[in-house]
Amino acid sequence: MKKGLVKLMACVMIMGSLVACGEKKEETKESTVKNDVKVETLTAAVAEKLGENYWPTDKITGSDAADLYQLTLDNAEEILAEVPKMAMNADMLLIVKAKEGKVEDVKKEVEALRQSKVDDVMQYPMNVQKIAASSVNVVGNYVVYVQLGGSAADLETDDEIRTGCEADNKTAMEVIENQLKSE
């Protein structure tokens, strides 16, 4: 009985130290982020990196984007969504530069947008894997919803498509994070 209790206590202490380390790393990451980059600069960098596999072509900004995606305009300094001309194509890159102290509020709204896409995915079943691979990310004061997958267009199985979309999303986030790194 005592040995079991000792093992349990040891596991709790190890887990506690790992959690503390993880939180510290996140603080360091945020403190090295530039928060003066225009969102259009970020989307342009992603489009350049992905090339012909970046399908969003139409820009939706400011109050139009806030209204369309149910975002609170007063929480944002800038909002830019890029979407394809064809509504049945699900590719989308949304970047919101949140006002100071509003990142969590914006993140909740963007997560609600993502959830609405997940809930409505059967309108266009061909987009199931693309939407499943989407994610909401925070870098400094920027909240990013990434739902890309042009490079997965010719893939056949669900696993291949989802993996391709995840790769495009990862590339987009790497580009954004590199653009926002402090020198």
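The side chain to side chain donor-acceptor pair (under 3.5 Å) analysis of residues 108-118, with sequence neighbours excluded, yields the pairs T72-E109, R114-S134, Q115-D119.
Distance alone, capped at 3.5 Å, places no donor-acceptor pair between the D58 side chain and the V83 backbone. Distance alone, capped at 3.5 Å, places no donor-acceptor pair between the K102 side chain and the A76 backbone. A donor-acceptor contact shorter than 3.5 Å links the side chain of K97 to the backbone of N35. Side-chain N or O atoms of D105 include none that pairs as donor or acceptor with a backbone N or O of N75 at under 3.5 Å. Here the side chain of Y142 pairs no donor or acceptor atom with the backbone of I176 at under 3.5 angstrom. The closest donor-acceptor contact from the side chain of E78 to the backbone of K38 lies at 3.5 Å or more, if one exists at all.
At a threshold of 4.5 Å between non-hydrogen side-chain atoms, the residues V39 and I79 do not count as touching. Between N141 and E100 there is a side-chain heavy-atom pair separated by less than 4.5 Å. Here the side chains of V143 and V103 are in contact, with some heavy-atom distance below 4.5 Å.
Nearest approach of L71 to V96, heavy atoms of both residues: CD1-CG2, 4.0 Å.
Within 6.0 Å of CG on D154 lie no more than 12 heavy atoms contributed by other residues, nucleotides or ligands.
Interatomic distance, CD1 of I60 versus CG of D67, reported as 11.0 Å (0.5 Å rounding). The CG atom of D91 lies 10.0 Å from the CD1 atom of I131; values are rounded to the nearest 0.5 Å. A distance of 11.0 Å separates CG in N178 from CG in L42, rounded to the nearest 0.5 Å. The distance from atom CG of L148 to atom NZ of K170, rounded to the nearest 0.5 Å, is 15.0 Å. Note that NZ of K49 and CG of D168 are 11.5 Å apart. Values are rounded to the nearest 0.5 Å.
With hydrogens and angles left out, the side-chain atoms of T157 and D159 include no donor and acceptor closer than 3.5 Å.
Cluster membership check: V46 shares its hydrophobic cluster with V33, using side-chain heavy-atom separations under 4.5 Å among Ile, Leu, Val, Met, Phe, Trp and Tyr. Each of W55 and M92 belongs to its own hydrophobic cluster when Ile, Leu, Val, Met, Phe, Trp and Tyr are linked at side-chain heavy-atom distances under 4.5 angstrom. If you chain together hydrophobic residues whose side chains sit under 4.5 Å apart, I161 and V128 never meet in one group.
Tested against E177 for a side chain to side chain contact (heavy atoms under 4.5 Å, CB included), the candidates V144, N137, V139 yield a single pass: V139.
Ionic pairing of R162 and E166 is present here: one or more N-O contacts between side-chain nitrogen and carboxylate oxygen are shorter than 4.0 angstrom.
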